[in-house]
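To start, the structure itself, in structure tokens.
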Amino acid sequence: MRRTTTRSVTRSGRERSALDAAYDECRRLVRTTRPTEYALMQLMPPAVRPACWALYAALASADDLVDSTEGTPQERARRLQEWRAALEADLSSGTSDDPVRRALTDAVWHWGLDLGDLLGALDAVQGDEGREGVATWQEWRERAHAQNVSWPEQLMRMLVRSGLPVPVRLRDLPGFTRFVDGLFLTDMLRDLPEDLDGGHVWFPAEVLDRFHVTPAELISREWTPAVRQLVEHLAGQAREWLEASRRALRHTLPLGPSIVLDSAVELFGAELDAIVRAGSAVLHRPVRVPRHTEWRILGPARARAAVVWRLTLPPGREDAPARTSSAAGTTDGEAASALLTGPEQHTTRIAEPPLPPRPHRDGARPPAITEAHLPQHVAIVMDGNGRWATGLGLPRDEGHRAGAVALRDVVQGALEIGLAHLTVYAFSTENWKRSPDEVSKLFAIMRSELLDGELLDHDVRLRWVGSPDGLPDDVVEVLRAQEHATRNRTGLTFNVCVNYGGRAELTRAGAALARAALAGEVDPARISEQLFAAHLPHHAMPDVDLLWRTSGEIRTSNFLPWHAHYAELHFTDQPWPDVDRRDLWEAVVAYTHRKRRKGAAAAPTFADGAE
């Protein structure tokens, strides 16, 4: 059975009834197993709520398979793998016999949700099977973010589809990671009895050691003074993170999402209070927030949210249309099959039409520069990631992660000012000299960023500049897939230099010319600059007008020697992770004040003796 991708097509009564029943099953599952989360979902716009139930029910179903005490760990892992494989098959066919997967499949295609992020979160849940625990808070955070960051971002994506201008990439916002930390720790305290039933203790070993509590003590439900202090400390830590996130995010989100955020912090705070008051019972049974406390928080929030959604959502957008396929008449099953085939899955999702640039988090607006004065091509040496991290006492790969966040904002800024070409030095042929561990982590971050899919939501054409020699196959695949997916875009051309070296590029051009001369195709005496340029691997790239390097180094480091031969140079001191789109705008404004003569004499003035 196939359905068209537009919501306007009328389903048969039987199909509509089955889909309604699937959403109702998700609603029942969330309401009975996660009443706090369900109450918060009721603060969302009515049209969005069923998809919220489907998203959370899918995560809960996968989580239940991992936490189940039935069967061996191997059998549980197999069941989860089968459930995930069935989900991918359902997404391909456009329907499912399982009610949770049926509802999730409908939500994905109705709202244009990010398949890569959703399946990545399920993979992170699956990674818990067989894991003994985590040693440090850093490991704990990585687990928390892998499983939980995608879900609130999908909710924001639905609000965007409904017509509300909200930041889809919540993970870029200061304070959001603390919200995820606080939410995950609260959830872990709430689920403590169930985890102990399964013999799991997910708190980091470093905090257990600090309070001299062993996993065996918790599993045996020993309510010692040390265990009580541990629980009180963890509840206080979760509350601190939640409050910190509210302070950071309150003035960043629009009013509607802010109401949901405030209510979440209040409700989870009430849960933490109940957990601390419960004493030893927290080890034996789930702790609920008193009903009167819940209504004291939710009653006013529901009234405010209802008014805000009526005032802020555009008329007629209460039920946003599904994202359509680029090919007219393509069915859900065909579109899904296209998404789930090819060398790299989930990389060919294209928003139709592209979304406008995401606003700056502080509301900064771009300078007014006419098209005639804009540089056509800006190239950037993104320097200083490792030194930035080392200076803060962090691993170098944390600098690369922060640098990826900075790059996303700079790309948004390039879109805002109407830049035609942006090229960045992501990995040079000289970078292979770094430690294998750093190189491996850098490629993992790069692949994750490319798979994230944010660029595909905007009018960006991605092009890879560099050689595949020595690169991991999965990085090559995703680079090529993103090139193919964005090939018809007409906005910003975003060149990513990966495994690129300027001298190697010139050498390859010379070798190509030599082969052509030996074959009698080229007369060596008639080789010109234009002919040489035509044999460059990336000959269609326009010359660089502005080359910018960060972190205080004043050199070009084998970057685009042919294309940047007359580029204006711009050097700044801040390391790349401290950069955002405003720094790009400053560099472009500085460029507009340059006098570009390209070897010609300045125009004569009266002082020069002109008549």
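In this chain, residues are counted from 1 in sequence order.
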Checking E266 now: which residues fulfil side-chain hydrogen bond (donor to acceptor under 3.5 Å, both in side chains) with it, not counting sequence neighbours?
R246

List for me each residue that meets ring pair (Phe, Tyr, Trp, His ring centres under 6.0 Å) alongside H233, sequence neighbours excluded, and say none if there are none.
F211

Test side chain to side chain contact (heavy atoms under 4.5 Å, CB included) on L272 and V276 and set out the steps.
CA-CA 6 Å; L272 293 167; V276 171; 5.7 Å; no

R304: side chain to side chain contact (heavy atoms under 4.5 Å, CB included) partners, not counting sequence neighbours
I259, P300, A301

If you measure from the Lys or Arg side-chain nitrogens to the Asp or Glu carboxylate oxygens, is any gap between R178 and D181 under 4.0 Å?
yes

Got a second to check how far L196's CG is from I219's CD1, nearest 0.5 Å?
6.5 Å

Once rounded to the nearest 0.5 Å, what's the spacing between atom CZ of R434 and atom CG of L442?
7.0 Å

Would a distance-only check, ignoring hydrogens and angles, find a side-chain to backbone donor-acceptor pair under 3.5 Å from Q482 to L450?
yes

Between R408 and E449, does any side-chain N to carboxylate O distance fall below 4.0 Å?
yes

Contacts of E222 that satisfy side-chain hydrogen bond (donor to acceptor under 3.5 Å, both in side chains) - sequence neighbours left out:
S220

Using the test salt bridge (charged side-chain N to carboxylate O under 4.0 Å, His left out), find all partners of D578 that sit at least two apart in sequence or belong to another chain.
none

If you compare all heavy atoms of P99 against all heavy atoms of A22, which two are closest, and at what distance to 0.1 Å?
O-CB, 3.2 Å

Is R210 salt-bridged to E206, going by a charged N under 4.0 Å from an acidic O?
no

Residues R221, D197: salt bridge by 4.0 Å N-O rule
yes

Look at R228 together with E232 and state whether they make a salt bridge at an N to O cut-off of under 4.0 Å.
yes

Interatomic distance, L261 atom CG to F176 atom CZ [nearest 0.5 angstrom]
10.0 Å

For T32, which residues count as a side chain to side chain contact (heavy atoms under 4.5 Å, CB included) partner, sequence neighbours excluded?
R28

Who pairs with W137 by ring pair (Phe, Tyr, Trp, His ring centres under 6.0 Å), at least two apart in sequence or on another chain?
W140, W241

Hey, what do you get for CD (Q138) to CG (L394), rounding to the nearest 0.5 Å?
8.5 Å

Between D98 (side chain only) and R101 (backbone N and O only), is there a donor and an acceptor less than 3.5 Å apart?
yes

Identify every side-chain donor-acceptor pair in residues 279-294 under 3.5 Å, counting partners at least two apart or on other chains, and give the distances.
none

NZ/NE/NH1/NH2 to OD/OE distance under 4.0 Å, R102 and D106:
no

Salt bridge (charged side-chain N to carboxylate O under 4.0 Å, His left out) partners of residues 35-47, not counting sequence neighbours, each pair once
E37-R190

Without swapping roles, check the side chain of T390 against the backbone of G386 for a donor-acceptor pair under 3.5 Å.
yes

If you measure from CG on L159 to CH2 on W111, what distance do you get to the nearest 0.5 Å?
8.0 Å

L155 and L55: CA distance, side-chain angles, deciding distance, side chain to side chain contact (heavy atoms under 4.5 Å, CB included) verdict
CA-CA 9 Å; L155 304 186; L55 283 167; 3.9 Å; yes

How about H400 and K441: do any of their side-chain heavy atoms sit closer than 4.5 Å?
no

Does W576 have any ring pair (Phe, Tyr, Trp, His ring centres under 6.0 Å) partners at least two apart in sequence or in another chain, and if so, which?
W548

Is there a donor-acceptor pair under 3.5 Å between the side chain of S245 and the backbone N or O of L242?
yes

Who are the side chain to side chain contact (heavy atoms under 4.5 Å, CB included) partners of R401, not counting sequence neighbours?
D397, E398, I445

Within the distance-only criterion (no hydrogens, no angle test), does the side chain of Y23 pair as donor or acceptor with the backbone N or O of P50 below 3.5 angstrom?
no

With S258, which residues qualify under side-chain hydrogen bond (donor to acceptor under 3.5 Å, both in side chains), at least two apart?
none

Is it the case that H458 and Q412 place a side-chain donor and acceptor less than 3.5 Å from each other?
yes

Within 45° of the axis and under 6.0 Å from the centre of the six-membered ring of W53, does NZ or CZ of R31 qualify?
no

Could you grab the distance from atom OH of Y56 to atom CG of L29, nearest 0.5 Å is fine?
10.0 Å

Using a 3.5 Å distance criterion without hydrogens, assess whether the side chain of E217 forms a donor-acceptor pair with backbone atoms of T214.
yes

Quick one: do L40 and L43 satisfy side chain to side chain contact (heavy atoms under 4.5 Å, CB included)? Show the steps, please.
CA-CA 5 Å; L40 291 169; L43 300 178; 4.2 Å; yes

